[in-house]
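Read through the structure below, which is laid out as structure tokens, and then see the notes.
Fair warning: this is a prediction, and the values are worked out from it, not measured in the lab.
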Amino acid sequence: MQVCNDPTARESAVFDEVAWGSGWQEQNFEATDDPIVAGGLTIADFNGDGVLEIFIPQQGEDQLYVRQSDGQYLNEASSRLPGALAVPTTSGTAFDADGDGDLDLLISRRMGGHTLLVNAGDGYFSDGTVAAGLAETAHPAVGATIADFDRDGDLDIFVITYRHCETSMGSDPENPYSDGPQALWQNQGDGTFVDVSDSMPGHPGIDARLRAAAWFDADDNGTPDLYTISDKGVSSTCMEPNQLFFNNDAGFEEAAVTVSLAIANEGMGLALGDLNGDGYPEIALSDMSRTWVMESDGLGGWYDASAVRGLGINTSTDGRWSGWGTVFADFNNDARLDLFMGFGGLADVPSSTMNPWSQPDALWLQNEAGGFAQVADDWGVEGVGSTRAVIATDMNGDGWLDLATREIGGTAVVWLARCGQASWLQVDLKQNSANPQAIGATIDVKHGENSQRRWITLGASGLQSTAPVTAHFGLGLAENVDITVTWPDGTQSEFSGVDVNQTVKIVRED
């Protein structure tokens, strides 16, 4: 068990922005008018030493920051990543593509196709794009979300495509994209992937500006469904609203309207988290001039609870207009999920009073009654600039969630949380399969009358980013908890009386 050495320090400041030496200050910075490049962020343990690395996609050379023995972070991309990679980059998705137990990296781009970097196991990568069958991924994309959609034990890829539907992309000689969406790539179990986008009829990837997507079991039938978030769903006549593809024995069926999730908004980021304890996720969406929290009704549907939860914004008074990366997380370990959302101006629209480049980010804390109150300014994490990617994870292993954000065309910023008195638990899953991190599992933690659920998802929140899949639970005053893991195949493992204030690794016994 870990004990906070000085919980009173949190009373004077909640977060401290890190200064990881001169190398960390040498991040590439290049302003851009492109709406998607150089806005992503990836945090993952690539070399398996228990310490997190930071991948920063750039317009020029991508950067990979590795922690040194003295605690500083240095860019080691020149030695760890293969050279001659096409640029610019939009994001990197860290997942185990070949099922060998380490994290590979799928790099998404605006032009020129995507790249799969295969990890040798020590955080050094080689280009495995051609061997994996991914050399023809021509469509521009902002990232990917990962799941075992066909339940065969390995991980499949949904590429979040971003196309300009107002023009014919195929007629542009600089953008020779094929007619198909090239969105859903099925893992063949031998290290190769096949485009099976045709199995998802009506998918908007042919035309759409998708911004985000998440795999989760929306109908509670044991298979991952896919929710896609579209940008400019209102102003562009050729766009679809947000879509929900139910995954069943007959294939994929789009039915967002039936569960009230066919939202036509300026969709950017999304987050999943159970706010009402019914076992279904609430869905937070960023937008322009407003936020969305779609609350589950416990019957397989959702309704807009933004206003009643107090999650509105007032552009004229607080300067927040365009929302981006979005995450649910318990930032004060009180056993209630909070909401962080990045804000900032549009890169491809001139700065104006309606589109200021610098907009303060937002952090809403949830109270006992289920309402939310804004604390970003008080906690010192309102930021400056135009935020895109957002990640909440425990960078230093003290059980308190830290925060990382990325400005488009700018630098990544990390705030480390000061620890406090509240209890916490973090859970890592491990199974002997081609899906070793058990993507698609759920973890339920019960303490007293309180029960919390986390979904093990990858690439499903934060916008153009990948976060570690460690499940974090704030536990208030709890001293021990009961844990139930539902593995991706539906098998359950139960543990009683687990001590709090520790990170536990649960290894599945075959």
Side-chain angles (χ1 to χ4, degrees), residues 20-30 32 36-69 72-135 137 140-144 146 155 157 159 191 193 388-389 391 404 406 408-412 414 458-459 464-468:
W20 280 323
S22 59
W24 180 247
Q25 308 306 320
E26 294 173 356
Q27 295 180 46
N28 297 337
F29 185 97
E30 184 181 353
T32 179
I36 63 175
V37 302
L41 187 64
T42 297
I43 298 178
D45 180 8
F46 288 114
N47 58 14
D49 65 354
V51 178
L52 296 172
E53 285 77 57
I54 303 172
F55 173 77
I56 306 178
Q58 300 286 3
Q59 296 181 76
E61 294 184 1
D62 297 332
Q63 296 183 296
L64 179 61
Y65 278 89
V66 179
R67 186 176 178 180
Q68 310 299 302
S69 58
Q72 297 189 21
Y73 272 77
L74 294 180
N75 176 28
E76 298 186 2
S78 61
S79 62
R80 291 180 177 270
L81 305 182
L85 296 177
V87 291
T89 301
T90 61
S91 69
T93 304
F95 76 109
D96 192 348
D98 50 14
D100 64 354
D102 54 42
L103 294 177
D104 309 302
L105 187 63
L106 178 67
I107 294 178
S108 300
R109 294 197 175 85
R110 172 68 154 165
M111 295 179 61
H114 314 312
T115 298
L116 179 65
L117 299 183
V118 177
N119 192 343
D122 53 3
Y124 288 82
F125 296 85
S126 60
D127 191 337
T129 312
V130 173
L134 294 170
T137 51
V142 296
I146 307 298
L155 294 174
I157 305 170
V159 176
F193 293 82
R388 293 299 185 268
I391 292 176
R406 171 79 189 287
I408 186 170
T411 58
V414 177
L458 202 156
Q464 295 182 231
S465 57
T466 307

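Atom-to-atom distance recorded for I408:CD1 and Q59:CD is 8.0 Å, nearest 0.5 angstrom. Between the CG atom of L103 and the CZ atom of F95 there is a distance of 10.0 Å, given to the nearest 0.5 Å. In this structure, OG on S79 lies 10.5 Å from CG on L74, to the nearest 0.5 angstrom. A distance of 13.0 Å separates OG1 in T90 from CE in M111, rounded to the nearest 0.5 Å. For the atom pair CD of Q464 and CD1 of I391, the computed distance is 11.5 Å after rounding to the nearest 0.5 Å. Rounding to the nearest 0.5 Å places CD1 of I54 at 11.0 Å from CG of N75.
In plain terms, the two heavy atoms of F193 and L155 that are nearest each other are CE2-O, 3.5 Å. L41 approaches A404 most closely through the heavy-atom pair CD2-CB, 3.8 Å. Pairing each heavy atom of P468 with each of L52, the nearest pair is CG-CD2, 3.8 Å. R80 approaches D122 most closely through the heavy-atom pair NH1-O, 3.1 Å. Counting all heavy atoms, side chain and backbone alike, V159 lies closest to A141 at CG1-CB, 3.4 Å. Here the shortest heavy-atom pairing between Q27 and A412 reads OE1-N, 2.7 Å.
In this structure, W20 and V414 have side chains that are in contact, with non-hydrogen atoms separated by less than 4.5 Å. Side-chain contact between L64 and E76 is absent, with no heavy-atom pair separated by less than 4.5 Å. Proximity of L117 to S126: side-chain heavy atoms (C-beta onward) are nowhere separated by under 4.5 Å. Using a 4.5 Å heavy-atom threshold, the side chains of S108 and S91 count as touching. T42 is not listed as a side-chain neighbour of T93, based on a closest heavy-atom distance of 4.5 Å or more. Put simply, the side chain of L458 reaches to within 4.5 Å of the side chain of T466, judged on heavy atoms. Inter-residue side-chain proximity for P57 and I107 is flagged as unmet; no heavy-atom pair is nearer than 4.5 Å. Within the 4.5 Å cutoff, the side chain of F46 has no heavy atoms near those of the V66 side chain.
In this structure a side-chain-to-backbone donor-acceptor pair under 3.5 Å is present from D104 to N119. In this structure, the side chain of Y73 does not engage the main chain of E53 through any donor-acceptor pair within 3.5 Å. A donor-acceptor contact shorter than 3.5 Å links the side chain of N28 to the backbone of E61. In this structure, the side chain of R388 does not engage the main chain of V37 through any donor-acceptor pair within 3.5 Å. Using modelled atom types, no side-chain atom of S465 and backbone atom of G40 make a donor-acceptor pair closer than 3.5 Å.
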Tabulate below the donor-acceptor pairs under 3.5 Å that side-chain atoms of residues 127-134 make, not counting sequence neighbours, or state none.
| residue | atom | partner | partner atom | Å |
| --- | --- | --- | --- | --- |
| D127 | OD1 | T129 | N | 3.0 |
| D127 | OD1 | T129 | OG1 | 2.6 |
| T129 | OG1 | L116 | N | 2.9 |

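In terms of the side-chain hydrogen bond (donor to acceptor under 3.5 Å, both in side chains) criterion, residue partners of Q58 (sequence neighbours excluded) are, by chain and number, Q63, R406.
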